[in-house]
Amino acid sequence: MYEVILISKKKLMAALIAGVLLLPGIAIGAPDTGTVFHSNGKLLSAMPLPAPESKRILLPTAFQAAELYGFGLQHRNASIQYSIFSKELKKVMYPQFVELNWVTGVSSPWITKYEVTKETVINPNSEVIEMRIDSATSAGPEPSMLLKISLVKDHNSWVITGVKPNP
């Protein structure tokens, strides 16, 4: 038997678009019954092992990292989103992305456009970027949403340390 949890449309949209459908207490549909475990009890995933430092994609600007994150959101691709996360954020998000089968978002609403609207340099190794997300449903455009993306420079590349809706 599946349990459906009802939440407000605004909260659902914020969670789905921000790729944080992973907040405690929010669930869509049924639990995954196809989860595969190794004989040692460890959760298995189709996600590859982390690439060695020499084979990582280097994002020389925070703007580029934010743009790639927006692309990952628009394409509902958790692998792209995950690749830009800091080590600490990866630890938090990995089990939740596995549970979502590496797909973030649902068929509606969908992201029609994303755009960096503001860059704030905190110091040479830290920035906060605001991104506007435009979305739509079959009924037409939805109100835009703003995200606040925190980034730091790590080994010559920018990584995301946090993403939250910006009221």
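The figures that follow rest on heavy atoms only: side chains count, while hydrogens, waters and symmetry mates do not. Counting from 1, the numbers follow the sequence of the chain as shown.
Residues Gln96 and Met93 have side chains in contact (heavy-atom distance under 4.5 Å, counting atoms from C-beta outward). In this structure the side chain of Val128 never reaches within 4.5 angstrom of the side chain of Leu151, judged on heavy atoms.
Judged by distance alone, with hydrogens and angles left aside, the side-chain atoms of Ser157 form no donor-acceptor pair with the main-chain N or O of Asp154 at under 3.5 Å.
In this structure, CG on Leu59 lies 11.0 Å from CH2 on Trp158, to the nearest 0.5 angstrom. To the nearest 0.5 Å, the span separating NZ on Lys164 from CG on Leu146 amounts to 13.0 Å. Between the OG atom of Ser83 and the CG atom of Asn77 there is a distance of 8.5 Å, given to the nearest 0.5 Å. Taking CE from Met145 and CG from Asp134, the interatomic distance works out to 12.0 Å, rounded to the nearest 0.5 Å. With rounding to the nearest 0.5 Å, the separation of OG1 in Thr61 from NZ in Lys153 is 9.5 Å. Taking CZ from Phe85 and NZ from Lys90, the interatomic distance works out to 9.5 Å, rounded to the nearest 0.5 Å.
Proximity of the aromatic rings of Trp102 and Tyr82 is defined here by a centroid distance below 6.0 angstrom, and this criterion is met.
Shortest non-hydrogen contact noted between Thr112 and Ser135 is OG1-N, 3.8 Å. Heavy-atom minimum distance, Leu68 versus Ile80: O-CG2, 3.6 Å. Nearest heavy-atom pair across Glu142 and Pro109 is CG-CB, 4.4 Å. Summarising the geometry of Gln74 relative to Ile111, their closest heavy-atom pair is NE2-O, 3.2 Å, with the distance given to 0.1 Å. What you find for Glu127 and Ala62 is that their closest heavy atoms are OE1-CB, 3.4 Å. For the pair Trp110 and Thr137, the tightest heavy-atom approach, listed with the atom from each and the gap, is CH2-C, 3.3 Å.
Applying the side chain to side chain contact (heavy atoms under 4.5 Å, CB included) test to Ser86 and every residue at least two apart in sequence or in another chain returns Glu88, Leu89, Val159, Thr161. With sequence neighbours excluded, the residues satisfying ring pair (Phe, Tyr, Trp, His ring centres under 6.0 Å) with Phe71 are His75.
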Would you tabulate the side-chain donor-acceptor contacts of residues 115-125 under 3.5 Å, counting partners in other chains and residues two or more places apart, or write 'none'?
residue, atom, partner, partner atom, Å
Glu115, OE1, Arg132, NH1, 3.2
Glu115, OE1, Arg132, NH2, 3.1
Thr117, OG1, Glu130, O, 3.3
Asn123, OD1, Asn125, N, 2.7
Asn123, OD1, Ser126, N, 3.0

Exercise. With side-chain contact (heavy atoms from CB on, under 4.5 Å) as the test, would you mind laying out the steps for Leu73 and Leu147 before giving the verdict?
Key: CA-CA 12 Å; Leu73 286 176; Leu147 298 179; 3.8 Å; yes

